[in-house]
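Naming: A, B, ... by sequence-line order, numbering from 1 per chain. Values in this document were obtained by computation on a predicted structure and should not be read as measured data.
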There are 4 protein chains.
Amino acid sequence: MSPEVGAREAGARRTREALLTAAAEVFVERGVQAPIRDIAARAGVGVGTVYRHFPDRAELVIAVYRHQIDACVALADELEDASEPGRALEEWIGAFVEFLVTKHGLGVALQSDDAGFQSLHSLMLDKLVPACGVLVDAAVAADELDPSVTAYALMRAVGNLCILGPGYERDDAKAMVVRLLAGCRLTDGRSEPAT
Amino acid sequence: MSPEVGAREAGARRTREALLTAAAEVFVERGVQAPIRDIAARAGVGVGTVYRHFPDRAELVIAVYRHQIDACVALADELEDASEPGRALEEWIGAFVEFLVTKHGLGVALQSDDAGFQSLHSLMLDKLVPACGVLVDAAVAADELDPSVTAYALMRAVGNLCILGPGYERDDAKAMVVRLLAGCRLTDGRSEPAT
Amino acid sequence: MSPEVGAREAGARRTREALLTAAAEVFVERGVQAPIRDIAARAGVGVGTVYRHFPDRAELVIAVYRHQIDACVALADELEDASEPGRALEEWIGAFVEFLVTKHGLGVALQSDDAGFQSLHSLMLDKLVPACGVLVDAAVAADELDPSVTAYALMRAVGNLCILGPGYERDDAKAMVVRLLAGCRLTDGRSEPAT
Amino acid sequence: MSPEVGAREAGARRTREALLTAAAEVFVERGVQAPIRDIAARAGVGVGTVYRHFPDRAELVIAVYRHQIDACVALADELEDASEPGRALEEWIGAFVEFLVTKHGLGVALQSDDAGFQSLHSLMLDKLVPACGVLVDAAVAADELDPSVTAYALMRAVGNLCILGPGYERDDAKAMVVRLLAGCRLTDGRSEPAT
DNA sequence: GATGAATGAGCTTTCATTCAT
DNA sequence: GATGAATGAAAGCTCATTCAT
């Protein structure tokens with residue numbers, strides 16, 4: 001029985017992969033709010049199949065981006081004890097940006113307050129923010145980051161900067177993030193005290 | 001008959017004002033994507049009247065924010081010949097942020113590539129970007145801004161940073177914009193040359 | 001302006017009437033759970049129109065049966081001070097049965113615990129049960145009804161007895177209700193004490 | 001090969017039993033309209049297995065309640081020659097009520113004219129009604145039941161009275177059935193001749 | 001025989017948009 | 001000019017049912 005079951009499971013996994021691929025494409029083209037039906041159609045399956053594999057939209061979004069999220073968390077672990085915490089944070093943010101910037105619409109999803117994205121927010125809060133937090137704390141401790149910068153706000157800001165559009169492409173976003181980080185290294189948020 | 005026509009025109013203008021007021025309120029409460037019907041109801045008019053005055057949603061959004069946009073443009077004119085161009089840019093961006101940050105959902109609208117917001121983009125390109133551009137150019141000329149920063153990208157970045165959410169409120173956004181600007185003053189996008 | 005408005009309002013009223021007629025027919029044929037689309041189609045309108053007039057299904061059901069419900073309440077008022085309370089209750093229940101028995105599916109709706117019928121239940125609790133309760137109390141006071149009978153339970157029971165089906169038609173239901181009432185006149189629910 | 005087949009048959013029988021048990025539980029908790037998938041899950045089998053054993057929902061319902069139905073029929077046989085036919089009928093109806101009242105939703109199913117419950121109706125007509133009919137006839141012959149009462153109508157009425165809901169629980173239903181029966185003992189359906 | 005993945009019809013609900021008055 | 005009733009396309013979600021393994 002095992003081979004037959006294996007065959008069916010393999011089929012299901014293929015369907016799942018097809019769905020992830022289709023969803024990734026559709027997300028890029030039309031954003032993470034794209035109709036479920038469209039994703040189903042792109043994957044060549046019925047809508048029911050989408051719901052079977054991913055009970056709600058956020059599950060699908062998470063699944064689509066899980067690899068990258070996990071990679072980000074792992075990278076933070078590696079960088080945790082870096083000799084230059086400021087650099088480490090920079091590197092990590094760079095990887096995070098690379099991730100966001102290749103996933104059109106994910107930035108939007110991250111800031112969406114649509115109830116359907118609750119689990120996506122949770123994932124960020126539970127995994128990504130703590131991972132980033134360690135690096136932020138280290139950088140602050142080493143006096144390489146403005147202590148008023150929190151990991152959460154930093155990630156929100158970076159996430160927002162990665163919302164692309166015509167005339168504001170990947171490289172623009174990356175450059176802006178670099179500048180934002182540079183600004184965060186200064187002791188105070190402003191270059192000079194306001195009058 | 002002229003006075004009657006005048007009366008009608010005056011009535012139409014009043015309707016238009018009522019719509020702008022209502023729309024501004026609704027935009028703040030529910031975002032720029034709020035149902036047209038809600039805006040009509042708030043203004044105490046029928047939906048048809050909204051369409052008569054503003055053929056599509058973007059027209060309404062533009063009209064609602066035209067005053068502020070014009071004010072931003074005027075401010076740029078005033079600041080054009082400031083003795084400290086870097087400061088002037090800072091001040092102008094501060095006003096722009098103040099504008100965005102009080103308009104729930106406007107940041108989202110600015111970055112939306114929804115076709116319905118095309119005219120909003122155009123407005124930005126035609127009015128705001130040139131106004132900002134003057135200040136950017138002056139700051140660059142005074143060596144107070146990284147020459148690789150363009151007005152358009154800067155405004156997009158600032159607009160994005162102003163997309164708020166739970167846990168990322170007005171003050172967070174403002175602080176991040178300040179940091180971004182500080183980062184933009186440095187000669188190079190990065191604090192130190194990469195190895 | 002008044003005549004034009006009147007014309008539109010008249011049109012809306014006609015639509016409303018058409019909807020009520022269509023709904024009544026569809027309810028008879030397919031029960032009160034019939035798809036909204038079918039009711040819209042029968043009335044020759046779009047689904048949106050149904051929702052405009054009746055925000056949820058229960059509103060429609062109530063509207064369809066409102067006349068009869070009001071008539072039942074009015075009848076209870078008339079019978080309140082009857083000289084023979086037992087008879088008065090009988091007569092009232094007779095009218096209630098006449099109502100239920102001509103509305104296929106209403107009995108089912110009354111007992112449905114579907115959330116969508118909440119307002120229908122409320123209507124019953126707020127209007128019908130109190131109306132019936134007055135007569136029940138009077139009958140009990142006159143020693144013409146088993147004191148353990150409550151208005152609510154009685155109406156539920158009568159409602160249930162009015163759920164018709166093939167081989168169990170109006171007259172069968174009516175006869176059973178008469179027998180139930182007769183049984184309720186006895187001091188104790190059972191003809192003789194159980195051993 | 002015969003033993004293997006025997007083993008398979010035994011396995012199939014066990015599956016069937018598991019399904020009946022699971023269905024009985026689910027019917028109690030969620031009614032006879034519960035999703036097939038839920039029943040399959042409860043039984044620990046796939047949905048296909050449910051369909052193999054019970055081609056349509058009514059088959060399953062019938063099978064689940066066959067024991068009790070058979071018990072009701074057997075009870076009628078026992079009571080057939082009772083010395084007090086009125087009492088015997090009362091006792092039998094009591095058992096029937098006990099059966100219905102513990103099966104959430106069965107009352108609804110019995111009166112549903114949904115085509116899918118045709119076989120359930122047939123079962124009732126073929127087994128239960130005749131069984132009840134014997135007792136009804138005996139009671140009529142002994143002058144202990146209104147001759148206008150038919151077994152079928154009585155069972156429908158009792159079935160309907162057993163449709164429970166919030167505020168109309170088992171005991172209410174039982175009391176109402178007792179009252180109905182008491183009303184059925186009177187010579188005429190009405191307590192007194194109408195004027 | 002058993003499985004459960006896949007399917008898709010069917011229903012609900014929301015809103016942008018039109019147009020007769 | 002103003003109105004708001006009517007429309008119907010879009011989406012979401014649920015389940016009964018089929019069928020390849």
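Under 4.0 angstrom from either OP1 or OP2 of dT3(E) there lies at least one side-chain N or O belonging to Thr49(D). Between Thr15(B) and dA2(F), a side-chain N or O to OP1/OP2 separation shorter than 4.0 Å is present.
Residues Arg13(A) and Gly44(D) both approach DNA chain E. Their nearest nucleotides, taken by heavy-atom distance, put Gly44(D) toward the 5′ side. Summary of the strand contacts: Arg16(A) and Arg37(A) both lie near DNA chain E, and taking for each the nucleotide with the nearest heavy atom, the more 5' one is attributed to Arg16(A).
Under the 4.5 Å side-chain criterion, counting only non-hydrogen atoms from C-beta, Leu100(C) is not in contact with Tyr65(C). Residues Pro35(A) and Arg30(A) have side chains in contact (heavy-atom distance under 4.5 Å, counting atoms from C-beta outward). In this structure the side chain of Leu60(A) reaches within 4.5 angstrom of the side chain of Phe27(A), judged on heavy atoms.
Judged purely by atom type and a 3.5 angstrom limit, Thr21(A) uses its side chain to pair as donor or acceptor with the backbone of Glu17(A). One N or O on the side chain of Thr15(B) and one on the backbone of Gly11(B) form a donor-acceptor pair closer than 3.5 Å. Arg57(B) places a side-chain N or O within 3.5 Å of a backbone atom of Val32(B) that can act as its donor or acceptor partner. Between the side chain of Arg42(A) and the main chain of Arg37(A), no donor-acceptor pair closer than 3.5 Å is present.
Pair assignment for dT7(E): dA16(F), on the basis of Watson-Crick or G-U wobble contacts that are both within less than 3.5 Å. In this structure, dT21(F) forms a base pair with dA2(E), meeting either the Watson-Crick or the G-U wobble geometry with both donor-acceptor distances under 3.5 Å.
Listed candidates were dT14(F), dA16(E), dT17(F). Nearest to the side chain of Tyr51(A) is dT14(F). Of the candidate nucleotides dT21(F), dA5(F), dC15(E), dT21(F) has the atom nearest to the side chain of Ala7(A). In this structure, the nucleotide among dG4(E), dG8(E), dA16(E) sitting nearest to the side chain of Arg8(A) is dG4(E). Here the side chain of Ala12(D) is nearest to one of dA2(E), dC13(F), dT13(E), namely dA2(E). Nearest to the side-chain atoms of Val47(C) among the listed nucleotides dT13(E), dA5(E), dG1(E) stands dT13(E).
A heavy atom closer than 4.0 Å to some atom of DNA chain E occurs in His53(A), these being the qualifying members of residues 53-62 of chain A.
Ile36(A) has its CD1 atom 20 Å from the P atom of dT13(E), to the nearest Å.
Residue contacts for Val45(C): at a heavy-atom cut-off of 4.0 Å it reaches the sugar-phosphate backbone alone, with no base atom in range.
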